[in-house]
J.: 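Would you mind keeping the following structure in view while I ask a few things?
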Amino acid sequence: TYVDTADGQILVRHWFDRPTAPPIVMLHWTPVSSRQFADVAPLIVEHGVQVFALDLPGYGQSDARVLKSDGTDWLIPDFAASIAQAIRALGLSRTALYGGHVSAAIAAQVAHDEKELIARVILDGCPCWPEAVRRQILAAVAPGYPHVAADESHARIPYDKVMFFLREWIRGVEVNDALLPRIYDYMADLLATRFASSSAALGAFAMEEILAGVPQPALALTADNDPLGSFHAHALSLLRNAREHRFAGNHPLHDPARVREAGPEAESDDGRAVLHEGLGPVLDPRAHDPPPEPGVEASQLAELPAQLV
C-alpha cells in the first residue's frame with residue numbers, strides 16, 4: 001500500500017496476524033528497499049508484533065525525491081520529517097522504529113524530533129562519524145547517472161555496486177543460484193533510485209549530537225562483521241537509555257538461510273540470534289525497567305571509505 005506525504009507517496013509493506021498488535025516501523029538499508037525484510041518480517045510477527053516496512057523517499061517504489069528550492073538534495077532531517085508524516089498517515093502512535101546504517105541515522109533523527117510518536121528505537125549500525133570522516137564523505141560525493149564508457153563497463157555498474165554492498169554486509173559471500181534472485185532484486189532497487197545517493201546527507205549529519213538527545217529506550221545492534229562495527233561502542237555511550245546486542249559473524253538480516261532456520265524460540269545466549277531475537281527485548285516494556293548503565297567507553301574511531309555509505 002501507499003501513504004501520502006507532503007513530498008509524495010511512500011510504499012508500505014505490512015505483515016501482521018492481528019491489526020491491533022503493537023507496531024514496529026522498519027526502515028531499510030540503502031541502496032535497497034523494504035523488500036529486504038521479506039524473510040525476517042514474518043518471524044517478527046510471530047512475536048505478536050505487526051511490521052510496517054517503508055521504502056524511503058527516492059528508494060524502491062516510493063516517489064523520487066524532489067530537490068529542495070535551493071537545488072540541493074535532502075538532508076537527514078528532511079528524510080526524518082517525511083517518515084514521521086508517513087507514520088502518522090498510517091494512524092500509528094507510540095511505535096517502535098528500526099533503522100540500519102543510513103536509515104539508522106534517519107531513525108535516530110525521527111526519535112529525537114518525535115518523542116511522542118516513537119516509543120522505542122532500534123539502531124542497527126550507527127554511522128556515528130567524527131567531523132573529519134564526514135568531510136571526507138562530502139568531498140567524495142558524485143551522485144547521478146554513470147557516464148558512458150568506451151568498453152561499455154557502465155553496463156556492469158548496477159551489478160558491481162550491489163555486489164560491493166553484499167560483500168560489505170556478508171563477508172565471504174559467494175554468488176550462487178540461491179543468491180542470484182536477491183542480487184537481481186537489489187539491482188532493481190538500485191536502478192529505481194536513478195543513482196541518487198544519501199552520501200551528502202550522511203556527510204552533513206552530526207549523529208553524535210542527535211544520539212545524545214534521544215530519550216526513548218534504545219537497542220543498539222551490531223555484528224562482528226558489520227563495517228560500521230567500530231563505531232558501535234561510541235554510539236552506545238551516547239544514548240541515554242540503551243541496551244546492545246551483537247550478532248556473531250555476518251548480520252543475519254542479510255543471510256536468508258540463518259533467518260529461515262532460526263524460529264521465534266531460538267536461543268540468543270551465544271549472540272547468534274537472528275534479527276527478531278534482537279528486537280524482542282526492545283518491544284517488551286519490561287526490558288528497560290530499570291534502565292542499565294551503559295558503562296561503555298568510546299571506541300577508537302577509524303575512518304571509513306565514502307563508498308560504505
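The figures that follow rest on heavy atoms only: side chains count, while hydrogens, waters and symmetry mates do not.
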J.: List the residues meeting side-chain contact (heavy atoms from CB on, under 4.5 Å) with R194, not counting sequence neighbours, and say none if there are none.
T.: Y145
J.: List for me each residue that meets side chain to side chain donor-acceptor pair (under 3.5 Å) alongside Q216, sequence neighbours excluded, and say none if there are none.
T.: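 Result, side chain to side chain donor-acceptor pair (under 3.5 Å) vs Q216: none returned.
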J.: What residue pairs, at least two apart or across chains, pass salt bridge (Lys or Arg N to Asp or Glu O under 4.0 Å) with a residue in residues 73-83?
T.: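 The answer is R65-D73, K68-D78.
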J.: Would you please name every residue forming a side-chain contact (heavy atoms from CB on, under 4.5 Å) with S153, sequence neighbours left out?
T.: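 Checked S153 against side-chain contact (heavy atoms from CB on, under 4.5 Å); matches are A149, D151.
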J.: Let me confirm one number: the CG-CD1 distance from L123 to I106, rounded to the nearest 0.5 Å.
T.: 12.0 Å
J.: Please confirm whether the backbone N or O of L221 pairs with a side-chain atom of E244, one donor and one acceptor, at under 3.5 Å?
T.: no
J.: Can you list every pair that meets salt bridge (Lys or Arg N to Asp or Glu O under 4.0 Å) and has a residue in residues 219-232, with sequence neighbours left out?
T.: D224-R246
J.: Just list the side-chain donor-acceptor pairs under 3.5 Å for residues 50-60, sequence neighbours left out, or say none.
T.:
residue: Q50; atom: OE1; partner: H14; partner atom: NE2; Å: 2.8
residue: Q50; atom: NE2; partner: P19; partner atom: O; Å: 2.9
residue: Q50; atom: NE2; partner: A21; partner atom: O; Å: 2.7
residue: D55; atom: OD1; partner: S34; partner atom: N; Å: 2.8
residue: D55; atom: OD1; partner: S34; partner atom: OG; Å: 2.5
residue: D55; atom: OD2; partner: Q61; partner atom: N; Å: 2.7
residue: Y59; atom: OH; partner: S198; partner atom: OG; Å: 2.5

J.: Looking at residues at least two apart in the chain, or sitting in another chain, which of them share a ring pair (Phe, Tyr, Trp, His ring centres under 6.0 Å) with W74?
T.: F79
J.: According to side-chain contact (heavy atoms from CB on, under 4.5 Å), who are the partners of N176, at least two apart in sequence or on a separate chain?
T.: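 Residues passing side-chain contact (heavy atoms from CB on, under 4.5 Å) with N176: A178, L179.
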J.: Tell me which pairs pass salt bridge (Lys or Arg N to Asp or Glu O under 4.0 Å) where either residue lies in residues 89-107, with sequence neighbours left out.
T.: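 Pairs touching residues 89-107 that pass the test: none.
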J.: Indicate yes or no for a side-chain donor-acceptor contact from T95 to the backbone of P23 under 3.5 Å, with no hydrogens or angles considered.
T.: yes
J.: Can you pull the salt bridge (Lys or Arg N to Asp or Glu O under 4.0 Å) pairs that have at least one residue in residues 17-28, sequence neighbours excluded?
T.: none
J.: Suppose clustering is done on Ile, Leu, Val, Met, Phe, Trp and Tyr with side-chain heavy atoms closer than 4.5 Å. Which residues sit in the same group as L11?
T.: Y2
J.: In Å and rounded to the nearest 0.5 Å, what is the CD1 to CG distance from I170 to N250?
T.: 6.5 Å
J.: For the ring pair H251 and W29, is the centre-to-centre distance below 6.0 Å?
T.: yes
J.: For E152, enumerate each residue passing the side-chain contact (heavy atoms from CB on, under 4.5 Å) test, keeping only those at least two apart in sequence or located in another chain.
T.: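 With sequence neighbours excluded, E152 shows a side-chain contact (heavy atoms from CB on, under 4.5 Å) to H154, given in chain and number order.
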